Amino acid sequence: MKVFHCYACGQKNDGRVVEWCSCVTTEPTLVCSGCGLCFCDAPQQYRRSFWQTASAELRARRREAQSVEGREVASRTNDPARPMILVVDDDRIVHFIVNRALSSFRVNIVHARDGREGLEKAKELRPDLILTDALLPKLDGRELCRALKSDPATETCKIVVMSGFYRGLKYRNEALQTFLADDYLEKPISQKNLFAAVTRFLDLETRLAPPAEKEPAGAGSLTY
Amino acid sequence: MHDDVFDSNAFAELSALAGDDDSFLPELFTVFVQQGDEIIGRLTSAAQARDFSGFARASHTLAGSSSNVAAMRLADLCRAAEVRARQSSDELQSWRDRISAEYIRVADRAKKLAQAGEPGDLT
């Protein structure tokens, strides 16, 4: 059995593999047998080294987890204390940035890659905040917004429409007035705008961790 | 510092998003290249099939991801191609070639940035 040095507590142990860790990573991951912390926030080289030397069985489980639709969602909905953010975009870069940039916030982040999937997940999970691209495959992000705002079950979801194509006051006003978005952001995503949207629409005082309680991020294992 | 591939101001914004996460930029650029290679393939197929809608969508996605990694020249090129494709302009192959040439330059730099120890080149 391989022995690891926990990057967090320094204990030497063989670790234990769990299906989903507290960071809601999207694959089986290793947690320290001593402190229980997962290795998602460990240095990239550490994680790479782990998977390079992982057993065939563990690698098979990882592949299986990556291929099964819906597991990600299920894993991210079991902590109701955390506000949930649904990110709807067909650009993986946006998912990566949001996941990583918000790693210090105690939020659950759920991902959808087209408008229809976004609509289904929004109705199923009723996230607190939705960040959606305007132009999406299968269902336009602005129509997604209007559909959710017109449904009593989801009308309270805060929705931010993002676009790098429709820029300027005209499109902002259209998004807010016609499609009933709560805010409109132009891409590329900036730290200032992203944090402003999150802090504006989520109840920070009671639901987000103070900076000192920064939690490990699971974004390093974000998969599609 | 100005760069002919990455916009320095946009790169500074990206670095702000990364914060003290040393693996943010290398991993981001890895994802960018993985996705970018796929999109170039989609652009090629769409240009050959004269699929204006598919070409516009692929251009749109690459424009967004390029701007999010501070590759503004590539992003501008993709936006222009997206507009032309939506107008059913019969120049898809030409736009595909121009995008591909610029993408190769960006991807080459991105791969270097994705290697550990080089993320600070522009900052």
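The sequence lines fix the lettering, A, B, ..., with proteins before strands; numbering per chain opens at 1. What you see is a predicted model; the values in this text were computed from it and never measured.
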Please look at B/Ala16 and chain A and tell me whether the side chain, the backbone, both or neither of the residue comes under 4.5 angstrom of a heavy atom of that chain.
->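 For B/Ala16, heavy atoms of backbone and side chain both lie under 4.5 Å from chain A.
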Neighbour count above 12 (heavy atom, 6.0 Å) for A/Arg146 CZ |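 Yes, enclosed.
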Contact class of A/Leu102 relative to chain B, heavy atoms under 4.5 angstrom =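 Nothing of A/Leu102, per the 4.5 Å heavy-atom cut-off to chain B.
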Under 4.5 Å from any heavy atom of chain B - which part of A/Asp89 |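 No part of it gets close to chain B.
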Sort out for me which of B/Ser66, B/Ala18, B/Ser67, B/Ala70 touches chain A most, counting heavy-atom pairs under 4.5 Å.
->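 Between B/Ser66, B/Ala18, B/Ser67, B/Ala70, the count favours B/Ser67.
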Count the heavy-atom pairs under 4.5 Å between each of B/Gln34, B/His60, B/Glu13 and chain A, then report the option with the highest count.
->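 Answer, by heavy-atom pair count under 4.5 Å with chain A: B/His60.
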Taking the six-membered ring for Trp, are B/Phe6 and B/Phe29 parallel (under 30°), tilted (30 to 60°) or perpendicular (over 60°)?
->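 If you compare the ring of B/Phe6 with that of B/Phe29, the planes turn out perpendicular.
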Can we say [X] and [Y] salt-bridge, meaning some charged N sits less than 4.0 Å from an Asp/Glu carboxylate O?
{"X": "B/Arg79", "Y": "B/Asp76", "result": "yes"}
{"X": "B/Arg50", "Y": "B/Asp90", "result": "yes"}
{"X": "A/Arg200", "Y": "A/Asp182", "result": "no"}

Greatest number of heavy atom pairs closer than 4.5 Å to chain B - which of A/Lys187, A/Gln191, A/Met162, A/Lys192 =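 Most heavy-atom pairs within the cutoff with chain B belong to A/Gln191.
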